[in-house]
Amino acid sequence: MDENTQEPKKLNFIEEIIENDLASGAVKSVMTRFPPEPNGYLHLGHAKSICLNFGLAQKYGGKTNLRFDDTNPSKEDTEYVDAIKEDIKWLGFQWDKERYASDYFDQLYEWAEDLIKRGLAYVDDQGQEEISKGRGTVEKPGTDSPFRDRPAEENLQLFRDMKAGKYADGEKVLRAKIDMASPNMMFRDPILYRIKHESHHRTGDKWCIYPMYDYTHGECDSIEHITHSICTLEFDVHRPLYDWFIKTLGIWPSHQYEFARLNLTYTLMSKRKLLELVQKNLVSGWDDPRMPTLCGVRRRGYTAEALRMFCDKIGVSKRDQLMDIQLLEWCVRQDLNERSNRYMCVQTPLKVTITNWEKGKVEWFDCPLNPADPDGAKRKVPFTGEMYIEKEDFMEDAPKKYFRLKPEGEVRLKYTYIIKCEEVVKDAEGNVVELRCSYDPSTKPGVGEWRSVKGTI
RNA sequence: UGAGAUAUGGUGUAAUGGUAGCACUACAGAUUCUGGCUCUGUCAGUGAGGGUUCAAAUCCUUCUAUCUCAACCA
């Protein structure tokens, strides 16, 4: 179809937001980010996010940063960082800047002190269980921590001591002072920092306190001037908090938008569970061809083009999405059909003897590697007096709609002659062990009139 | 019995007050030097009730269903 006469594709809801923002001048250009946590390999669900984030920026002349959300050293590793980068490149995208949440640890810390000084954050000595209890439930408001009203000076000292390593893991946390009775659980004094005496894959032992996701993500977006921070639906209750930090800190106003994550029928799409399969050796690794990881489907033979086509077709919305895996497979077939070479093999052989073939003669035929490109590359296939066909390609008592070989039946051996089954040879048990056939010399491809038969094997 | 989000064929996704369209699936047929591809056709949808309007998937209203949130995970 002519590109120019093609109807413009309908905008998805995020594209609409972007076009409005661009038109109203709310943003000058588009900046997105893809923010994986380096704690596992990328899977098909990430492909959707990658295509969206990079695709949007591409479409509107913007850029996309790759930012690793590495705020939890106990789960993260450089092995994952490398694999993630490789997979994104393979999918066909190039990021602008490579960044890490850990690049901003100093800035984040400074802002935390700022919040403390302004009476908006406090150090809580309660243990995990007490904090959890104090948070209340979705239906019942929480209660204030007994440490909530510590003076700013004391909080500052305590926080600096936390950073200096004076306390053990879990002994203290830094919390934002917002509203323990908020109907949104996210506002019930969320934890900003926790103590973890653990080595970080990038910052080593510099830190023993690490920021939490909610405190980190919006600020990182802001620092990088991300205009459209696109994430999955489950984060929508986090958005008010995301906005709260940006507003309270008075920093560059990034905005978050949510879309439905991709689910596939018959497919496990949880990093946690995929990790379990790997750790329990139930699969040979992250790139086991049965895995829905990008490296897994790549090994399986899926192409990046097919994946991009799939992501383009599934659309973007806020409805929970459970895609039929058959659409993915259709995309893969579509792409592979055009580009893959064809070869033949026989898995369960049945001997065929050509009775009227000159003994010892070998005739070579040129077979196109891809039938869609008959003038393209060829390979040579020999035709001799003794060959093997797939056992399934012969039936003694064939139903009407069976188009392959049967007694007295004709079939073309692909790219070569038509043969006719003259005699069926059986062993003592009555199993078919050999077919004695004649070939029709007049059916040589490219010579004389083309004769069609129903079956080609 | 909290807050937020979402409801269109089996699955996804369009239609932004004016003919409910497209893709995948399924089924039927045509074609075929791959029982593939391609082509044609068929089945099939606005969660429910009320209201506004000449006209409602779309606006108003009541209800229902589903998902998310109570990690010192992201």
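Just so we're on the same page: letters track the sequence lines, and every chain starts at 1. What you are looking at is a predicted structure, and each value in this text was computed from that prediction instead of being measured.
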As its Watson-Crick or G-U partner within any shown strand, both distances under 3.5 Å, rU58(B) has none
**Message:** Salt bridge check, E234(A) against R261(A): does any charged N sit closer than 4.0 Å to a carboxylate O?
**Reply:** yes
| task | For W450(A) and rC33(B), say yes or no: do the ring centres fall under 5.5 Å of each other while the ring planes differ by less than 30°? | result | yes
- With rounding to whole Å, what would you report as the distance between rC59(B) and rU52(B) at their C1' atoms? 8 Å
Practice problem: For rA23(B) versus rU62(B), give the span between their P atoms, rounded off to a whole number of Å. | Solution: 39 Å
* Under 6.0 Å between the ring centres of W357(A) and Y439(A)? -> yes
Across every strand shown, the nucleotide meeting Watson-Crick or G-U wobble geometry with rC22(B) (both distances under 3.5 Å) is rG12(B)
Between CD of E338(A) and C1' of rU38(B) the distance, given in whole Å, is 12 Å
Rounded to whole Å, the CG-C1' distance (D179(A) to rA3(B)) equals 13 Å
Provide a list of protein-nucleic acid N or O atom pairs under 3.5 angstrom, restricted to nucleotides 34-37 of chain B.
residue, atom, partner, partner atom, Å
rU34(B), N3, R342(A), NE, 3.3
rU34(B), O4, R342(A), NE, 2.5
rU34(B), O4, R342(A), NH2, 2.5
rG35(B), N7, R404(A), NE, 3.1
rG35(B), N7, R404(A), NH2, 3.4
rG35(B), O6, F403(A), N, 3.4
rG35(B), O6, R404(A), NE, 3.0
rG35(B), O6, R404(A), NH2, 3.0
rG35(B), N1, K401(A), O, 3.1
rG35(B), N2, K401(A), O, 3.1
rC37(B), O2', N337(A), ND2, 3.0

Checking N1-N3 plus N6-O4 or O6-N4 for Watson-Crick, or N1-O2 and O6-N3 for wobble, each under 3.5 Å, the partner of rC67(B) is rG4(B)
Given the 90°-from-0 boundary between syn and anti, rA65(B) should be labelled anti
To the nearest 0.5 Å, atom CE of M344(A) lies from atom CD1 of I457(A) at 10.5 Å
Does NZ or CZ of K196(A) fall inside the cone over Y210(A)'s six-membered ring, less than 6.0 Å from its centre and within 45° of the axis? no
Nearest-Å distance once atom P is located in both rU58(B) and rG50(B)
14 Å
Under a 3.5 Å limit on both distances, the Watson-Crick or wobble mate of rU31(B) is none
task = Can you tell me, in whole Å, how much space there is between the P of rG36(B) and that of rC27(B)?
result = 12 Å
Here the gap from K163(A) atom NZ to Y109(A) atom OH, rounded to the nearest 0.5 Å, amounts to 5.0 Å
Partner of rA74(B) under the Watson-Crick or G-U wobble criteria, both distances under 3.5 Å, comes out as none
If I pick the C1' atom on rC54(B) and the same atom on rG17(B), what distance separates them, to the nearest angstrom? 12 Å
note: D236(A), atom CG; rA3(B), atom P; distance rounded to Å ~ 15 Å
In whole angstroms, the gap separating P of rG4(B) from CG of L241(A) amounts to 16 Å
Open item on the list: With ring-ring contact (aromatic ring centres under 6.0 Å, His included) as the criterion, how do F235(A) and Y213(A) come out once you've worked through the C-alpha distance, each side chain's angles and the decisive distance to 0.1 Å?
Closed with: CA-CA 11 Å; F235(A) 288 99; Y213(A) 166 85; 5.2 Å; yes
Margin query: If I pick the P atom on rA20(B) and the same atom on rG35(B), what distance separates them, to the nearest angstrom?
Written below: 42 Å
- Can you tell me how far C1' in rG21(B) sits from the matching atom in rA15(B), rounded to whole Å? 7 Å
In whole angstroms, the gap separating P of rG4(B) from CZ of R188(A) amounts to 13 Å
When rounded to the nearest 0.5 Å, the distance separating NE2 of H200(A) from NZ of K206(A) is 11.5 Å
Check: Q326(A) and Y266(A): side-chain donor and acceptor closer than 3.5 Å?
Finding: no
Under 3.5 Å, is there a donor on one side chain and an acceptor on the other for T137(A) and E139(A)?
no
Check: Between E410(A) and R451(A), is there a side-chain N and carboxylate O pair less than 4.0 Å apart?
Finding: yes
From CG of L264(A) across to C1' of rU25(B) the rounded distance in Å is 14 Å
For rA44(B), the nucleotide meeting Watson-Crick or G-U wobble distances (both under 3.5 Å) is none
Would you tell me whether E16(A) and N20(A) have side-chain atoms, one donor and one acceptor, within less than 3.5 Å of each other? no
Scoring nucleotides 69-74 of chain B by protein non-hydrogen atoms under 4.0 Å (B base, S sugar-phosphate only, - none) yields BBSBBB
Review point. Taking atom types as modelled, is there a side-chain donor on Y60(A) or E19(A) under 3.5 Å from an acceptor on the other?
Key: yes
M309(A) atom CE is separated from rC24(B) atom P, nearest whole Å, by 11 Å
Taking a pair to mean Watson-Crick or G-U wobble geometry with both distances below 3.5 Å, rG17(B) pairs with none
Decide yes or no on side chain to side chain donor-acceptor pair (under 3.5 Å) for D70(A) and S102(A), but give the supporting numbers first.
CA-CA 6 Å; D70(A) 56 350; S102(A) 52; 2.6 Å; yes
Atom CD of E258(A) and atom C1' of rA3(B) are separated, to the nearest Å, by 15 Å
Given ring-ring contact (aromatic ring centres under 6.0 Å, His included), test F93(A) with F34(A) step by step and report yes or no. CA-CA 11 Å; F93(A) 296 102; F34(A) 176 63; 9.7 Å; no
Worksheet item: What distance, rounded to whole Å, do you find between the two P atoms, one in rG45(B) and one in rG10(B)?
Response: 7 Å
Return the polar atom pairs (N/O with N/O) between nucleotides 10-15 of chain B and the protein under 3.5 Å, or none.
residue, atom, partner, partner atom, Å
rU11(B), O3', L322(A), O, 3.0
rU11(B), O2', L322(A), O, 2.8
rG12(B), OP1, L322(A), N, 3.0
rG12(B), OP1, L322(A), O, 3.4
rG12(B), O5', L322(A), O, 3.3
rG12(B), O2', I314(A), O, 3.0
rU13(B), OP1, S317(A), OG, 2.3

